[in-house]
2 protein chains.
Amino acid sequence: MTHSTPTGIPEATVARLPVYLRALTTLAEQGTETCSSEALAAAAGVGSAKLRKDLSYLGSYGTRGVGYDVAYLRYQIGREIGLTQDWPVVVVGIGNLGQALANYSGFRSRGFRVVALLDDAPELHGRQVAGLEVRPFRELSSIAERVDLAIGVIAVPADAAQNVADRLVAVGVTSILNFAPAVLAVPDHVAVRKVDLAIELQILAYHQQRRATEAEGASA
Amino acid sequence: MTHSTPTGIPEATVARLPVYLRALTTLAEQGTETCSSEALAAAAGVGSAKLRKDLSYLGSYGTRGVGYDVAYLRYQIGREIGLTQDWPVVVVGIGNLGQALANYSGFRSRGFRVVALLDDAPELHGRQVAGLEVRPFRELSSIAERVDLAIGVIAVPADAAQNVADRLVAVGVTSILNFAPAVLAVPDHVAVRKVDLAIELQILAYHQQRRATEAEGASA
DNA sequence: GCCAGTTTGTTCTCTCGTTCACAAACTCAT
DNA sequence: ATGAGTTTGTGAACGAGAGAACAAACTGGC
C-alpha cells in the first residue's frame, strides 16, 4: 500500500532518467526502433533490473516479449522530466565557465533556452557571447519582468554567490544550478543543485591515494 | 566478518569530506580556532549528526565538551583525501569548458597541478592557456613518460570521449573526470566520475515541473 | 488453438546511508 | 575534588536504493 505521492518517483531514479533519455536518443539516431531493457541498460551504463524498475515508476511503457519502442519511450521520459516545455535560463557570471555554459549546445537541444547573460564586470558589458549580449547584473529584475525565468545558473566567485542567489530568489527563480564553491542558503521552495569541480577531483584523488597505499600495504 | 570495505570509509562520506574541508578553510580564514560539530555542520550545509559520524570514520580528532581544532582537523581530512600530495592533471579538449577548467584556480590551491593541455584542433596548438601551451593529443604518450599522470580530465565532444579515455588508460591514467555526455567503458581498476551539465539542469526541470503540476492539481 | 521462447513488471531480500538518542569524556566554576 | 554543563563518538532504529528471481504477458511457428 504505497499511496506515497502521485508522482512519487525516487530521487535516484530521477537522476538517471536523463541518462536513459540520452541513450534512447543515440539509439534513435542509429535507426533502432525497438530495444530490450538489456540493450538500453548497456547503452546507459546501468544494470537491466535497475533500468526496468526505474521505468516502472513512469508506467508500463514496454511490451513483454518485445521490449520498448524507442520513440515512444523517449517521448514519455521527456514528458516526465519536462523536456516538452521551454525553460528560460539566466546565466550569472560570464567568466571562463559562464562562457562555456552559454555556448554549451547540450542546453538548447534539451529544451533549455539561455535568455540572459549577466555579469558585473563593465569590460564584458555589450560583448556578444553565444549570440547574446552580456548585461549588468542589476538588469536582472527588468529581465525577470519580461520572461518567466525558471532556472538560474550561478558561475560567479564564491564570495558573490550568496548575494546572486538572494537576488535570483527575489525575482522568482525557484531552481538554481550553483557552480560556485559555496554553500547557498535559500528558502525551502527553491531547489539547488551544486556542481563543484574541485570536489570531483578530490574524490578521485582519494581513491587514487587509497589504491597507492593499498599496493604498498600488500607488498609489505 | 570480512567486509568489503578496504579503508572503512563509505563512499557517501568520501564525497562530503571535501565539503567539510572547504568549510574548515573558511572558518580558519575568519580566525576561528575551534568549532563544534554543530557550527561546522551549519557551515557545510549538513546535519551535525551526519558530520560527526563522517568524521568518526577518520578517527577521534575532536575533544568532548570542546569541539574540533580547526587547523588540526583540516590537516587530518586533507591528509586522508590526499591533499598533501601533488596530483598531475592532464586536460584533454581545450574548448570553452577545457579553458575554463585550465584556468580554474580551485585546482591549484588544492594540490592539483595541470601539467598538460591537449587538443587535436590545429588552430589551438601553441596557444597559451592558463600559462600552458596547448599541445596535440598525440603527444600524450611522450608527456606520460616524463610525468606520472594521475588524473585525466575529458572535455571533448561525446563522440571523441571513448577514444580519449582509451588512450588515457593506455598511458596509465587510473582516474578520469568526464565532462563529455557519453558513457565511458574502462577497465575495473580505473575510476571514472562524470559531470553532466545538461543532466543537472534536467533534474532541476523535473522538480520545477512537478511543483507546477502539483499547484495545478491543488487548485483543481 | 497451443506450445516454446522471450521480455517486461514486480516482489523480495540485502546492503548502504541517514537519523536519533545517549553514554563517555572534557571544561569550568566553586 | 566535585558537580553542572557541554560536546563528541557510537550503537541502534529507520528508510532508501540495488540486485536477484520469478510470474505475467506477448510473439511466432505449427
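Here is how names work: the chains are called A, B, and so on, in the same order as the sequence lines, proteins then strands, and each is numbered from 1. When reading the values below, keep in mind they use all heavy atoms of this one structure, side chains included, and skip hydrogens, waters and symmetry mates. Just so it is clear, the model here is predicted, and its values are computed rather than measured.
- Where A:Glu11 and A:Thr63 meet DNA chain D, the nucleotide closest to each residue was compared, and A:Glu11 sits on the side nearer the 5' end.
- In this structure, the CG atom of A:Leu73 is 11 Å from the P atom of C:dT8, given to the nearest Å.
- The CG atom of A:Leu51 sits 13 Å away from the C1' atom of D:dA18 (whole-angstrom rounding).
- A straight line from CG of A:Asp54 to C1' of D:dG17 spans 10 Å, rounded to a whole angstrom.
- Across A:Ala180 and A:Ala161, no two heavy atoms sit closer than the pair CB-CB, 3.6 Å.
- The shortest distance between the side-chain N/O atoms of B:Tyr68 and the OP1/OP2 oxygens of D:dG9 is below 4.0 Å.
- Within 4.0 Å (heavy atoms only), A:Gly47 reaches no atom of the nucleic acid at all.
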**Request:** Apply the test side-chain hydrogen bond (donor to acceptor under 3.5 Å, both in side chains) to residues B:Asp54 and B:Thr13: give CA-CA distance (whole Å), side-chain angles for both, the deciding distance (0.1 Å), then the verdict.
**Result:** CA-CA 6 Å; B:Asp54 282 343; B:Thr13 296; 2.7 Å; yes
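- B:Glu38 places its CD atom 19 Å from the P atom of D:dG5, with the value rounded to the nearest Å.
- Atom OH of B:Tyr57 and atom C1' of D:dT10 are 10 Å apart (whole Å).
- The nearest whole Å value for the distance from the NZ atom in A:Lys50 to the P atom in D:dA21 is 17 Å.
- D:dT8 atom C1' lies 14 Å from atom CG of B:Leu58, rounded to whole Å.
- In the interface, the side chain of B:Arg64 is not paired with the base of D:dT7 through any donor and acceptor atom under 3.5 Å apart.
- What you find for B:Gln209 and A:Gly82 is that their closest heavy atoms are OE1-CA, 3.0 Å.
- Counting all heavy atoms, side chain and backbone alike, B:Ile176 lies closest to B:Ile154 at CG2-CD1, 3.7 Å.
- Side-chain nitrogen and oxygen atoms of A:Arg52 include none within less than 4.0 Å of the OP1 or OP2 phosphate oxygen of C:dT11.
- Projected onto DNA chain D by closest heavy-atom contact, B:Ser56 and A:Val66 fall at different nucleotides, the more 5' of which corresponds to B:Ser56.
- The separation between B:Lys53 atom NZ and D:dA12 atom C1' is 9 Å, rounded to whole Å.
- Neither OP1 nor OP2 of C:dT7 sits under 4.0 Å from any side-chain N or O of A:Ser36.
- Counted by atom type alone, A:Arg52 and A:Ser37 present one or more donor-acceptor pairs between their side chains at under 3.5 Å.
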